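Take a look at the structure below.
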Amino acid sequence: MASSSLSLVLLLCLAAAASAQLSTTFYDSSCPKALSTIKDAVTAAVNKENRMGASLLRLHFHDCFVQGCDASVLLSGNEQNAFPNVKSLRGFEVIDSIKAKLETLCKQTVSCADILAVAARDSVVALGGPTWTVGLGRRDSTTANEALANSALPAPSSDIVNLTDAFGPKGFSLTDIVALSGAHTIGQAQCQNFRDRLYNETNINSGLATSLKANCPRATGSGDNNLAALDPTTPYSFDNVYYTNLKSQKGLLHSDQVLYAGGSGAADNIVSNFASNPAAFSSAFASAMVKMANLSPFTGSQGQVRLTCSKVN
């Protein structure tokens with residue numbers, strides 16, 4: 001136990017040290033139009049397709065949760081082939097377009113990892129959600145890790161213990177976990193990821209279940225990639241309705257509904273607070289996203305600034 005506690009302390013210290021090396025003014029002189037270029041492109045992409053906001057947010061999470069916020073998820077193949085990512089990660093073309101624009105403005109200056117971090121924030125804002133301060137100065141990895149992506153990213157079948165085991169060692173509290181799960185106030189999930197909940201769990205709203213079954217047949221292999229909104233009430237608004245849905249047993253994924261069991265547990269209390277207090281959710285989500293963006297970034301002379309996000313220089 002002492003060794004485990006020491007490891008966690010060291011991890012948190014390393015994260016704090018990395019965060020201290022990031023700066024909100026990192027590109028002020030070297031690429032002063034970097035942030036406005038990213039924001040304009042993200043806003044246009046989300047306006048064109050509302051779902052893109054969730055896709056860009058998910059890209060950032062799936063990047064940071066595997067060997068840190070280093071844009072490893074953008075390298076062709078590799079982590080993109082991991083089970084949690086294959087045929088579901090999207091938004092690469094938006095990131096590539098932003099990178100190309102920035103390369104014309106400031107050659108080999110703005111990293112792909114920073115683009116992901118800023119694009120995630122701007123996507124949430126574009127859909128009506130909170131903003132937060134993004135430290136800058138990340139550099140890009142030269143490697144990716146498909147095996148780690150398979151083991152590190154939480155599965156849609158996760159329970160509270162699984163979620164705590166995945167997030168806790170990275171420095172996230174239960175409040176952070178519940179707040180970050182609120183990202184499912186936007187976006188969609190594939191039938192194969194909620195089929196078991198739909199047909200084998202009882203804590204699901206009967207009306208929701210009936211409506212979902214029409215597009216998600218029981219048989220495995222039938223309609224696996226068919227999509228349903230993670231928040232069926234306000235699917236394209238970044239708000240706190242996700243938590244109201246959980247209290248009505250309308251969580252789409254098992255990993256969503258496990259956050260609210262209808263009792264007085266710690267997670268139940270956090271869900272109830274977020275459901276009744278939008279400001280509390282917005283604040284907690286923004287705080288947790290700052291932690292997420294500070295997970296083990298490459299800084300200084302580590303890694304590189306890729307010329308093209310999908311391949312190393």
Side-chain angles (χ1 to χ4, degrees), residues 4-5 7-8 11-12 15 54 57-69 73 79 82-85 88-89 120 124 147-190 192-198 200-204 230-231 240-247 249-275 280-281 283-296:
S4 176
S5 298
S7 297
L8 178 57
L11 179 64
L12 295 176
L57 177 59
R58 186 168 183 254
L59 264 182
H60 178 50
F61 166 56
H62 282 225
D63 178 39
C64 294
F65 228 68
V66 182
Q67 72 179 33
C69 303
V73 75
E79 291 170 24
F83 181 75
N85 296 335
S88 67
L89 274 189
V124 170
L148 185 58
N150 276 318
S151 63
L153 291 166
S157 59
S158 296
D159 58 23
I160 286 287
V161 173
N162 300 143
L163 292 172
T164 302
D165 287 347
F167 283 87
K170 298 182 186 297
F172 293 99
S173 67
L174 181 60
T175 297
D176 294 328
I177 294 170
V178 177
L180 289 171
S181 296
H184 287 177
T185 186
I186 54 175
Q188 302 177 3
Q190 296 177 345
Q192 63 183 333
N193 291 323
F194 60 84
R195 176 183 283 121
D196 188 62
R197 167 159 167 72
L198 192 57
N200 297 317
E201 297 183 11
T202 57
N203 62 339
I204 184 169
L230 288 158
D231 172 2
N240 68 326
V241 174
Y242 167 82
Y243 301 102
T244 305
N245 290 338
L246 294 185
K247 298 188 72 172
Q249 297 189 329
K250 292 181 180 179
L252 183 64
L253 304 179
H254 180 82
S255 58
D256 291 321
Q257 196 59 55
V258 295
L259 300 177
Y260 188 79
S264 57
D268 285 35
N269 291 336
I270 298 168
V271 168
S272 293
N273 181 38
F274 289 166
F281 164 54
S283 177
F285 183 81
S287 176
M289 285 302 296
V290 170
K291 286 186 183 180
M292 180 70 68
N294 288 337
L295 287 178
S296 306

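Basis for what follows: all heavy atoms, side chains included, without hydrogens, waters or symmetry-related copies. Every value quoted in this text rests on a predicted model; they were computed, and no experiment measured them.
Interatomic distance, Ile270 CD1 to Ser173 OG, rounded to the nearest 0.5 Å: 7.0 Å. Distance CZ/Arg197 to CD1/Ile204: 4.0 Å, rounded to 0.5 Å. Taken to the nearest 0.5 Å, the CG atom of Leu198 stands 11.5 Å off from the CG atom of Leu253. To the nearest 0.5 Å, the span separating CG on Asp231 from CG on Leu252 amounts to 10.0 Å. The distance from atom NE2 of His184 to atom OG of Ser255, rounded to the nearest 0.5 Å, is 6.0 Å. The CD atom of Gln67 sits 5.5 Å away from atom CD of Glu79, with the distance rounded to the nearest 0.5 Å.
Between the side chains of Asn269 and Ser272, no donor N or O sits under 3.5 Å from an acceptor N or O. For the 3.5 Å distance criterion, the side chains of Asn200 and Arg195 fail to qualify, holding no donor opposite an acceptor.
Distance alone, capped at 3.5 Å, is enough to place a donor-acceptor pair between the Ser181 side chain and the Ile177 backbone. Not one N or O on the side chain of Asn162 forms a donor-acceptor pair closer than 3.5 Å with the backbone of Pro154. Not a single donor-acceptor pair under 3.5 Å links the side chain of Tyr242 to the backbone N or O of Leu230. No donor-acceptor distance shorter than 3.5 angstrom exists from the side chain of Asn245 to the backbone of Lys250, with no hydrogens or angles considered. Of the possible donor and acceptor atoms, one in the side chain of Ser158 sits under 3.5 Å from a partner among the backbone N and O of Ala155.
The side-chain heavy atoms of Leu295 and Phe172, taken from C-beta on, include a pair separated by under 4.5 Å. Side-chain atoms of Val73 and Val66, non-hydrogen and from C-beta on, never get closer than 4.5 Å to each other. At least one side-chain heavy atom of Ser88 sits less than 4.5 Å from a side-chain heavy atom of Arg58. His62 places a side-chain heavy atom less than 4.5 Å from the side chain of Leu153. At a threshold of 4.5 Å between non-hydrogen side-chain atoms, the residues Met292 and Asp176 do not count as touching.
Nearest heavy atoms, Phe274 versus Thr175: CZ-CG2, 4.1 Å. Residues Asp268 and Ala261 share a closest heavy-atom pair of OD1-N, 3.1 Å. The minimum heavy-atom distance linking Ala54 with Gly187 is given by the pair CB-CA, 3.4 Å. Pairing each heavy atom of Phe83 with each of Asn150, the nearest pair is N-OD1, 2.8 Å. Smallest separation of non-hydrogen atoms from Ala152 and Ala166: O-CB, 4.3 Å. When every heavy atom of Gly251 is checked against every heavy atom of Leu246, the shortest pair comes out as CA-CD2, 3.7 Å.
The aromatic rings of Phe61 and Phe167 lie parallel to each other, their planes meeting at an angle below 30°, with 60° marking the opposite boundary.
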| His60 and Cys69: CA distance, side-chain angles, deciding distance, side-chain contact (heavy atoms from CB on, under 4.5 Å) verdict | CA-CA 8 Å; His60 178 50; Cys69 303; 4.2 Å; yes
| Candidate pair Thr164 and Val161, rule side-chain contact (heavy atoms from CB on, under 4.5 Å), full reasoning | CA-CA 5 Å; Thr164 302; Val161 173; 5.8 Å; no
| Steps toward side-chain contact (heavy atoms from CB on, under 4.5 Å) verdict (His254, Asp196) | CA-CA 9 Å; His254 180 82; Asp196 188 62; over 6 Å; no
